[in-house]
Structure formats: C-alpha cells, structure tokens
Amino acid sequence: MRVIDHISDLHFCRVDQRAADALLARLNADPAHLVVVSGDLTMRARRREYRAARAFLDGLQMPWLAVPGNHDITAYYPWERFLDPFGRWQAMIAPDTEPMFEDEEIQVIGLNTVSRGGMHLQWENGNIPRAGLLRVLRRLRRLPEGPFRIVVAHHPFLAPPEQPSTPLVGRGERALRDLVRGGVRLVLSGHLHVGFYNTHAITAEEGDSLTVLQAGSATSTRLRGEPNAYNRVTVENRRARWTAYHWDGEAWR
Ligand SMILES: [Fe+2]
Ligand SMILES: [Fe+2]
C-alpha cells in the first residue's frame, strides 16, 4: 500500500498563511510515502516566491516531487522567459522539471506542460510537446511492469463533468490515449483551482481506463468557488482511491 498526498497551485506568496502552516503540519503529522505537487508553486515566478515555496517543500518530512505550472515562468523578463524559462525552477526547486519517483508499488512520472508562449495565443492553457510525451512513454517502456503508474502534470487533460467547455491542455486527449496504453492509470493535475475527477474510457480491447484527478488550490487566496483543498491518494492492489480534504478556515477536514 502506498499513500500519496497530492497538492497543487500553492501560489506563494499569495497564500493563506494559516492554511499553509496547518497544511504543512498536517502532512507531516501523518506522512504519506510521497507528496506530489502539480505546479503553480509561485504567483509570478519571483525569487522571493520561489524561496517561500522552497521553504515549504523543505519543511516536508517525506519525499516530494513537483512539476512547474504556468505561473512558475517569468512574464517580466522576456529574454529569460524564452531562452531559459525553467532556470529559476531548476535553481530553486529541482534540477529536473520532469522528476520521477519509483518503488516496488508505484511509478510516478512528471510531465512538463508549461508553454513559454509563441504564435499560438492561449499559452496559459499549456501544451504537451511531442518530445515530452515521447520522453514519458520511453521512460514507461523502460520501467519494470507491475507497479501502479501515475503521471503528474500541471494542466487539466479533461474538463470538470459539469463544465465541459473548460479549456484543456493542448494535445491532452491524444496524450491520454498513449498514456493509458503505456500502463498509466492515474493522472494528477491542477491549474483550475477546482478539484474533481474524471474517467477517460479508452477503446483498447482490454478495456483499461485511466482516471484524471484534479486537486484544487492547496493554499492560494485566489479561489474559484471552492475552498483550499488537496487530495490523499491511496494505492493498493493496483487500484487507487482518494479523499479530498478542505480548509474550512480553522482546520483541514
Ligand atoms: Fe494556479
Ligand atoms: Fe496554472
């Protein structure tokens, strides 16, 4: 059995500090095997925001892995944005924007969906570059079969069931088909500041399916009708179940 706490959209320094402090205490009080952070650790990719995010991560007493979100690349320094968009991330958070965690029961792979911009307009919705998807699929092929496979990305691959017109990550549907064939059974993501889950049924003969689980924002004060939230995922016997916890202003419940 493995337990993963899935947190997202922390958005330092625009956080509810009480919620953030209580979250750190709670995560450490009942430690998961792994904490997964699905992007938007900062608000504007400023150095002080990165320092605050890093301090939060350094407070975690268990392994963690994080992928960047669209807020984690600078909008203020165009040269840096286009030439070295993840330099700050690599200096302050982790050398790899697509980290991996693997043990006998789970395999968790990061996929970087952050787009630095370009000809297409809605860069904040993210994109799955062909090279990035191929990289994940190649990694999956090299891993031993058996453990439960999870991919972590910032942007949503599927829309909330009640909001089908939600903008989604570019090439997401295609990627889901490839990922489920690669044995991935769960995708963890964020960005919308809304928590939900959605099952992507594919047409494969074996009838395998993959679930997309979205976390709300764990600590941001920019909320979209939902309180701060995170997910606790339990993987057992090659199945995952999860519980969402909400901050009610006083405690995580
Ligand atoms: Fe966000
Ligand atoms: Fe985002």
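In listed order, ligands and their atoms are each counted from 1.
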> Any Lys/Arg nitrogen of Glu49 or Arg14 sitting under 4.0 Å from an Asp/Glu carboxylate oxygen of the other?
Replying inline: no

> Would you call Glu104 and Arg2 a salt bridge, taking side-chain N to carboxylate O under 4.0 Å as the test?
Replying inline: yes

>> Run Asp72 and Thr42 through side chain to side chain donor-acceptor pair (under 3.5 Å) and show every step you take.
In response: CA-CA 6 Å; Asp72 298 323; Thr42 70; 2.9 Å; yes

> Is the shortest side-chain N to carboxylate O distance from Arg241 to Glu236 below 4.0 Å?
Replying inline: yes

> Do any protein N, O or S atoms sit under 2.8 Å from the Fe ion (ligand 2), and which ones are they?
Replying inline: Asp40 OD2, Asn70 OD1, His154 NE2, His191 ND1

> Any luck finding a side-chain donor-acceptor pair between Tyr77 and Arg88 under 3.5 Å?
Replying inline: no

>> If the test is side-chain hydrogen bond (donor to acceptor under 3.5 Å, both in side chains), which one of Arg224, His11, Arg222, Glu226 qualifies with His193?
In response: His11

